[in-house]
Amino acid sequence: MKKLLALIALCALVSACGKKEPQQVVVDNFTDGERITYPVPLFRGHCDSNVVEVTVSNKTTGVSLKCPAYKGRFKGWTRLKLGVNEITISAAGATGTIKLKYERPKTDYLYQAYYLVDSTGDRKYLSNLENDPQEEDPDLWLKKYRTSLELLQSYSADSMVRNGFKRKTFSFYLDKDGEIDVQIITSKYTRAEINEWRRLNGDFNEDKLYEEFLRAGGKGNEGKGCRHITGLCNTQMIRDGRLSGNTALGGQLLGQFGANGLYGWPSSLSDVVQAFT
């Protein structure tokens with residue numbers, strides 16, 4: 001009887017040794033309960049070396065996103081809502097959880113986002129695509145604009161941490177839902193008229209564009225330290241029927257960029273993940 005019990009115990013031990021437990025999924029660049037002031041955190045962490053994909057789920061919003069993993073390392077994204085968010089990252093039977101609190105920035109130095117359109121009010125961006133999806137979704141410009149600004153925030157904060165600094169990034173005025181507030185300002189000129197603003201040498205006169213932005217209402221919130229960042233819907237450079245350039249303009253407390261390449265920007269985090277996989 002003793003020999004039989006010993007044999008059973010030995011078999012159980014061999015079976016346990018042969019069974020490989022899944023390696024933990026661990027987030028390396030955030031701590032549990034950490035507070036952040038931007039809505040799209042980029043998670044970096046480690047997992048089993050055989051894993052090629054992790055699932056990042058925000059239990060607070062109910063949204064899940066599959067993200068890439070390679071040689072035991074993963075990168076993942078999620079979108080937060082204001083307040084505490086419970087995040088679960090799972091792969092190959094292993095799961096890791098972390099809580100993050102997304103809160104409004106506590107600073108007077110905020111950016112106001114604008115979208116400058118011509119006198120017609122047309123919000124469509126220029127596109128090289130024959131059938132641009134904005135024809136079916138008139139708010140696509142806003143999704144692309146917000147997503148690009150959120151990613152800039154996220155990568156800036158992540159770069160600060162990776163270089164040994166605190167998690168800091170620039171902040172925007174937010175609407176009641178915690179989304180980046182984007183205000184429409186309308187020029188008194190048509191798109192064709194604006195594109196005729198030329199210097200004597202034929203170059204586009206960006207000074208007139210800057211003056212028109214301020215005249216049209218781009219003063220933003222008048223709080224202390226307010227900055228501006230503006231998407232321009234109404235400048236274009238076309239050669240042989242295709243877009244060949246972009247408009248960028250800087251000034252004191254001001255950043256502007258053209259929307260000529262907006263058609264190629266991501267409109268959601270799913271688009272971003274597809275670009276990485």
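A distance-only check finds a donor-acceptor pair linking the side chain of R146 to the backbone of I180 [under 3.5 Å]. Side-chain atoms of S57 never come within 3.5 Å of backbone atoms of S64 as a donor-acceptor pair (strictly under, hydrogens ignored). Judged by distance alone, the side chain of E150 and the main-chain N or O of E179 form no donor-acceptor pair under 3.5 Å. A distance-only check finds a donor-acceptor pair linking the side chain of Y145 to the backbone of Y114 [under 3.5 Å]. Counting only distance, with no hydrogens or angles, the side chain of S154 and the backbone of V40 share a donor-acceptor pair below 3.5 Å. Judged purely by atom type and a 3.5 angstrom limit, D48 uses its side chain to pair as donor or acceptor with the backbone of N50.
The existence of a salt bridge linking D271 and K144 is excluded, since no basic side-chain nitrogen approaches an acidic carboxylate oxygen closer than 4.0 Å.
Within 6.0 Å of CZ in R35 there are 12 or fewer heavy atoms belonging to other residues, nucleotides or ligands. More than 12 heavy atoms of other residues, nucleotides or ligands sit less than 6.0 Å from atom CG of D175.
Side-chain contact check for E34 versus I98: every heavy-atom pair is 4.5 Å or farther apart. No side-chain heavy atom of L65 sits less than 4.5 Å from a side-chain heavy atom of R79. V182 places a side-chain heavy atom less than 4.5 Å from the side chain of W141. Between V56 and F74, every side-chain heavy-atom pair lies at or beyond the 4.5 Å cut-off. Inter-residue side-chain proximity for I36 and F30 is flagged as met; some heavy-atom pair is nearer than 4.5 Å.
Ring geometry for F172 against F170 counts as perpendicular: the plane angle is over 60°, on a 0 to 90° scale with 30° as the lower cut. Y189 and W197 have perpendicular rings, their planes meeting at more than 60° on a 0 to 90° scale where under 30° would count as parallel.
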Notebook entry, point to check: Would K124 and E135 satisfy salt bridge (Lys or Arg N to Asp or Glu O under 4.0 Å), going step by step from the backbone distance to the final call?
Noted result: CA-CA 9 Å; K124 290 183 179 179; E135 301 298 334; 3.0 Å; yes
Notebook entry, point to check: Given the rule in the side-chain contact (heavy atoms from CB on, under 4.5 Å) test, do Y115 and L142 qualify, once you have shown the distances and angles that lead to the verdict?
Noted result: CA-CA 9 Å; Y115 196 59; L142 179 58; over 6 Å; no
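Qualifying salt bridge (charged side-chain N to carboxylate O under 4.0 Å, His left out) partners for K143, counting only residues two or more places apart in sequence or in other chains: D137.
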